[in-house]
Amino acid sequence: GGVRGLKFLPGEGGLISAGADGTWKRWQVPPPQGPAFPASEQPWRVLAATADGNRIAAEGDDKVLKIFDGTNGKLLHEIKELAEAATNLAFGPNGTLLVRGTPSGLVQVYEVETGSLQNELAGHQGAVQDVTFGASGKIAATAGADGTIRLWQVPPRPVTAAGHSQPLAAMAASGDGQWTATAADDGSLLLWSSTAVVDYLAGMDAAAEKAPEVASQKLREAGEPIAALVFAADGKTLFSGDKAGQLQAWDPATGKSLPSAATPGSAITALAPGSAEESMLVTAHADGLVRRWKLPLAAAQPIEGTKDVK
């Protein structure tokens with residue numbers, strides 16, 4: 001079935017994918033064949049992995065959150081009786097925290113070692129569309145269907161940034177914490193400078209409630225809906241993938257578009273960058289293909305072991 005989630009493991013050339021067939025696979029890139037670890041009778045909805053691949057979190061249509069040992073597929077924690085399905089998952093940089101977004105707008109923070117719920121963060125007026133962590137691990141960013149992004153301290157404190165007129169569909173933060181990119185359902189793409197917000201949060205008085213003003217730069221006014229965003233490992237290039245199969249590169253420093261590539265009729269569902277040394281980008285598609293791209297963008301090389309799903 002289709003690929004539902006994708007996570008690149010920097011430094012070791014590894015790749016983890018989650019499929020609608022209820023399995024997740026760990027690959028080597030280029031891989032001979034990715035081993036499958038059947039772990040759910042229902043299709044996976046969301047997937048996350050730590051940077052070293054030692055911990056994997058996934059959730060299916062059964063609303064059961066599972067945390068695995070990524071080296072051998074052993075189930076470590078199984079969190080049942082969740083009130084609603086996850087919309088997305090993200091590990092903190094050091095792998096100790098897991099953030100879970102929900103359709104109601106609630107953001108949940110779990111301790112990975114114990115599987116226990118640490119915090120529930122309320123603020124979004126609608127579904128949480130995407131979640132990510134900054135490089136320090138102290139700031140979590142969430143994008144909502146209410147058209148806002150929120151930055152949270154742990155312990156939590158939100159900062160609201162408005163700019164889109166439609167619900168947000170995707171979000172990405174650069175590894176150095178300098179940039180945050182957001183895309184909405186109307187195809188608009190905005191770039192935010194994160195430095196001022198992070199500095200504000202770091203020095204903010206505990207009693208302060210007023211959020212800072214956060215300026216944004218519009219990279220694209222509208223167009224085909226963007227389904228995925230990711231920054232290159234060095235933070236110098238932003239990539240967007242849309243539902244028409246267009247893969248576009250952007251220069252965040254200038255706001256200008258860079259060379260693009262297209263896979264017509266093959267909607268992009270997820271993006272994952274390789275390490276700075278590998279100069280590679282991996283895309284997942286609604287037709288079940290995973291494609292590997294050399295950077296700067298050139299012809300796609302489908303990874304062996306994947307196939308078209310008609």
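When a residue number appears, it is its place in the shown sequence, counting from 1. Any value given below was found using the heavy atoms of this structure, including those in side chains, with hydrogens, waters and symmetry copies removed.
Smallest separation of non-hydrogen atoms from Ala272 and Leu281: O-CD1, 3.5 Å. Minimum heavy-atom separation, Ile226 to Gly187: CD1-O, 4.1 Å. When all heavy atoms of Phe239 and Ala249 are compared, the pair lying nearest together is CE2-CB, 3.7 Å. Across all non-hydrogen atoms, the minimal contact from Ala270 to Ala228 is CA-CB, 3.8 Å. Of all the heavy atoms in Lys63 and Ala83, the pair that sits closest is NZ-O, 3.8 Å.
Side-chain contact between Asp185 and Pro225: absent, with no pair of heavy atoms (C-beta onward) separated by less than 4.5 Å.
By the criterion of side-chain heavy atoms lying less than 4.5 angstrom apart, applied directly or through intervening Ile, Leu, Val, Met, Phe, Trp or Tyr residues, Trp152 is grouped together with Val131 in one hydrophobic cluster. Hydrophobic clustering (ILVMFWY, side-chain heavy atoms < 4.5 Å, transitive): Val109 and Leu65 are in distinct clusters. Follow the hydrophobic side-chain contacts under 4.5 Å out from Val112 and you never reach Leu121; the two are in separate clusters.
Annotation: side chain to side chain donor-acceptor pair (under 3.5 Å) contacts of Thr87 (sequence neighbours excluded): none. For Ala244, the side-chain contact (heavy atoms from CB on, under 4.5 Å) partners at least two apart in sequence or on another chain are Glu224, Asp242. The side chain to side chain donor-acceptor pair (under 3.5 Å) search around Glu78 returns none, not counting sequence neighbours. Every residue meeting the side chain to side chain donor-acceptor pair (under 3.5 Å) condition with Asp186, not counting sequence neighbours, appears here in chain and number order: Ser188.
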Output a table of donor-acceptor pairs, distance under 3.5 Å, between side-chain atoms of residues 89-106 and any protein atom two or more places apart or on a different chain; print 'none' if there are none.
unit_1: Asn94; atom_1: OD1; unit_2: Thr96; atom_2: N; d: 3.2
unit_1: Asn94; atom_1: OD1; unit_2: Thr96; atom_2: OG1; d: 2.8
unit_1: Arg100; atom_1: NE; unit_2: Glu59; atom_2: OE1; d: 2.9
unit_1: Arg100; atom_1: NH1; unit_2: Gln108; atom_2: OE1; d: 2.7
unit_1: Arg100; atom_1: NH2; unit_2: Glu59; atom_2: OE1; d: 3.3
unit_1: Arg100; atom_1: NH2; unit_2: Glu59; atom_2: OE2; d: 2.9
unit_1: Arg100; atom_1: NH2; unit_2: Glu84; atom_2: O; d: 2.6
unit_1: Thr102; atom_1: OG1; unit_2: Glu84; atom_2: OE2; d: 3.2
unit_1: Thr102; atom_1: OG1; unit_2: Ser104; atom_2: OG; d: 3.3
unit_1: Thr102; atom_1: OG1; unit_2: Leu106; atom_2: N; d: 3.0
unit_1: Thr102; atom_1: OG1; unit_2: Leu106; atom_2: O; d: 2.7
unit_1: Ser104; atom_1: OG; unit_2: Glu84; atom_2: OE1; d: 3.3
unit_1: Ser104; atom_1: OG; unit_2: Glu84; atom_2: OE2; d: 2.6

Side-chain donor-acceptor distances from residues 252-259 under 3.5 Å, at least two apart:
unit_1: Thr254; atom_1: OG1; unit_2: Asp251; atom_2: OD2; d: 3.3
unit_1: Thr254; atom_1: OG1; unit_2: Lys256; atom_2: N; d: 3.3

